[in-house]
Amino acid sequence: RVFDNGIMVEFLASVPEKLNGEEDLRTTIGKLSSRLDEIKGQVFETVRKHYEDFVQAYRDTTDINTEIKTLSADIASVQGKIKSGELGKVLGAVADQRSVAGQIDAHKKAIKVLETLCQLHDVLGEHEIAHDRRDWCAAAEHAATATTLLSSISPARADTEPAPCDPAIFSAIRNEVRRVRGTLLAESEERWSQAITWRLLDGPTLPSLSMLPSTKVAGQTQEAPLSSTVFCLHRLGALTPRVTAFARLVLQQLLLPLITDPLLSPTISTAAGALTIGLVRAEAPKKTGKSKKGPRCDPVELLPKLQSILAAILDRFRAHDDANESHHISAFEISGLIGPVLLDGADGLNATLINASLSKVFAAGTELDAAHHAVEAFETFLQEKGFASTAPGPLAESFTTAHVSRADQRKQELLNEARAIIMADNMATVTVAPSADRGGPLAGRAIAGEHAALTEQTKAVFVLPGCQISAIAHALVDLAYATLSSIKSSEPNSAAEQLFATRDMFDLFRAIVPLRLHEKIETVPSIAAIFFNDCFYIAHHMLTLGHQYRSALPPALAGSATFMDLVPVMQSLGEAHLDRAIVFQKSMLASPLATIAAAIPHVDDDQRRDGLLRQLKRVYFDLDRLAATWKPLLPGPTYSTALGAIVDAIAAALVAAILAMEDITEVQSDHLSAIIAELAAHAEAWLPVKPTPPLRSVERAHVVGRLLNARLVQIEEIWKGCQTLFSVAEMHHVVRALFSNSDLRAKCLLAIK
């Protein structure tokens, strides 16, 4: 069937209708056999896939049939039990069991209510006994316990455990508990009122607070300590509103006046055991001169005053009698209630201190460190005594914000100062030398001393070469040193910003000066030299600038405080602009050098030679002026390299023109030799110290001068010493131009290889 369904048709279609005449019959049969094997494989794969699908479907059908049979058997079993009545009996037994369990549970709850009522009776009895013997703390504990027990059997609670009490019984007991609690609460509030008394601020009358160690209720002879009164109010659930009201009065009558009136000071007395806290006003200092400023609310003086009041109040609350050692409120509980009232809110201590006192310190920008230390000590006290949950708090955070703002402001001031220095029209120069250098591992050491022992390579890195720099660069480096020197007395945020400001100063120099003096740097040799020196002078100080002040920086910055990454950038900037100036000077000589090159082949013509010499004289005059400009400004090695590049360009033009001549007569040779000798003399005067590496074109000109004066027998010896300067082809050309054809010339040409 598979073959009938198309595969055999495909097979037959693959057989060519006509065998190719060039193909062997056996080869064709082999191809047909291979194709037949492929078709067999496809048939096998198709059969196998259909078989696997059939087996899976068969297994699924078998599993479903088995489950249907099991379910049918279960249904038949249940139907049999229903017909026989067994299921009804089981359901009836379950209902009976649930009814009995409900009755047992109701009896248990009733018993629990009775037990709670008995406990209430005992607790109320113990309360009366404790109250009669004036044990206020125990009486308050029993009253609180009775309230808790009563609430557990309230009829208003349907989900109570135990069950709700009978409403009539509950009402009677509730009235008794309320009476007991009300009596004790009234006595506690009366003792609180007697223990804590106020004389409120009223016009010129200054406020005061009096806190007695113990008090008694009218008609009673035994006094109760303040700690017992506090405990009673706490257990009766009435302490929080009393302490909140008390804390508001402390804030409004004692603390806020101290903040708003710097002439006020607290007075604290414990005479006769009573704590009395009041305020006294000092005389205002007499104003001198035209000053209209009154006394300043200094946080360094103010915060210890506030702390002394809070500490005295907390100590009085903490005092308790030994007889009730276990019945007292911890200091943290009292201060935890007082703290939020005192500190939080728009009119709280934190906001008032920030607005009325600290803001003036921030605005003045002086004595920040002393004020910061005072704030840290005050907030540590608040946290240790429980008034505040954490330290540092909002006061210290305001200092952090102020420091950040002050640091940003200081950074902007420094950058403005740096920008003013950079933008100044100040073209003055300053001479710098190694002996007057600041910073670096070799600062201030004598040249004849430790510097003399250094290698040339080390000197090039660490010794500042003598040169002239602009007053702008000098002032900018002075500002950088002054900025970093002040880090030692700065706050960490300010120290970091001062470090970043110093880096930004140098970035301003890199960004502004090249753009502002772009044309002058390129076209005016003195400006180019000074700018180059400025860049290397700044880079020299940046080598060790960060290291010198690293110890004064915050630990997080000390490891990364460096300017080394800016050193190659600044050096490259100076080199790039000096290179542009050199290119410009070369371009200025291009026209006369082109005229000279055109006249070289006609040097034997008097008129042409005179024009050539006039052009050379002009070139030498320009280089004399350039040398006179650069020599006093640039460091020696830099001067030799910069001017040498231009001298080398002149030599290259002369050598190229001479090497282009096909024939050089004896007269021409003499004139050309004189021209090259004159160039060599000028080069010696311009460059007393030879540049490193040597000037290739100048050396080539020197060799050409020797060749022009040499005899044929000397050529081979000259060639041996200049093989790195000339190619074989160039040397052959010079020999052919100088000497006529002969066997000796041919021998010489063969020797040059």
Side-chain angles (χ1 to χ4, degrees), residues 1-17 19 26-120 145 147-170 173-174:
R1 281 186 181 177
V2 175
F3 281 93
D4 291 343
N5 286 340
I7 295 178
M8 181 54 72
V9 175
E10 181 185 353
F11 166 72
L12 294 175
S14 65
V15 179
E17 295 179 358
L19 293 176
R26 184 175 298 172
T27 303
T28 304
I29 293 173
K31 291 181 179 180
L32 293 174
S33 299
S34 299
R35 181 59 178 162
L36 184 60
D37 290 339
E38 293 177 4
I39 294 172
K40 288 180 180 179
Q42 295 178 7
V43 171
F44 173 77
E45 185 64 25
T46 303
V47 172
R48 184 187 63 79
K49 185 176 182 305
H50 285 296
Y51 177 73
E52 289 180 351
D53 293 342
F54 166 74
V55 170
Q56 184 62 39
Y58 177 77
R59 289 175 179 171
D60 293 342
T61 303
T62 303
D63 293 340
I64 292 173
N65 291 335
T66 302
E67 292 178 2
I68 291 173
K69 290 179 180 180
T70 303
L71 184 59
S72 299
D74 293 340
I75 292 173
S77 175
V78 171
Q79 289 177 345
K81 291 181 179 181
I82 292 174
K83 292 178 180 180
S84 63
E86 293 181 7
L87 185 59
K89 295 178 181 179
V90 171
L91 294 175
V94 170
D96 294 341
Q97 184 180 4
R98 289 180 178 176
S99 176
V100 172
Q103 294 176 8
I104 294 173
D105 186 56
H107 289 307
K108 288 182 178 179
K109 290 182 178 181
I111 293 172
K112 189 65 177 178
V113 169
L114 294 175
E115 290 177 350
T116 303
L117 292 174
C118 292
Q119 291 177 354
L120 274 169
T145 302
T147 302
T148 303
L149 291 174
L150 183 65
S151 63
S152 67
I153 58 174
S154 172
R157 297 176 57 184
D159 57 343
T160 55
E161 179 65 34
C165 180
D166 179 76
I169 298 175
F170 178 81
I173 298 176
R174 181 182 59 190

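By the side-chain contact (heavy atoms from CB on, under 4.5 Å) test, Glu115 is found to be paired with Ile111, Lys112, residues two or more places apart in sequence or in another chain being considered. Under the side chain to side chain donor-acceptor pair (under 3.5 Å) criterion, Gln56 pairs with Asp60, sequence neighbours left out. Evaluation of the side-chain contact (heavy atoms from CB on, under 4.5 Å) rule for Leu71 yields Ile75 as partners, not counting sequence neighbours.
How far CD1 of Ile173 is from CG of Leu150: 7.0 Å, rounded to the nearest 0.5 Å.
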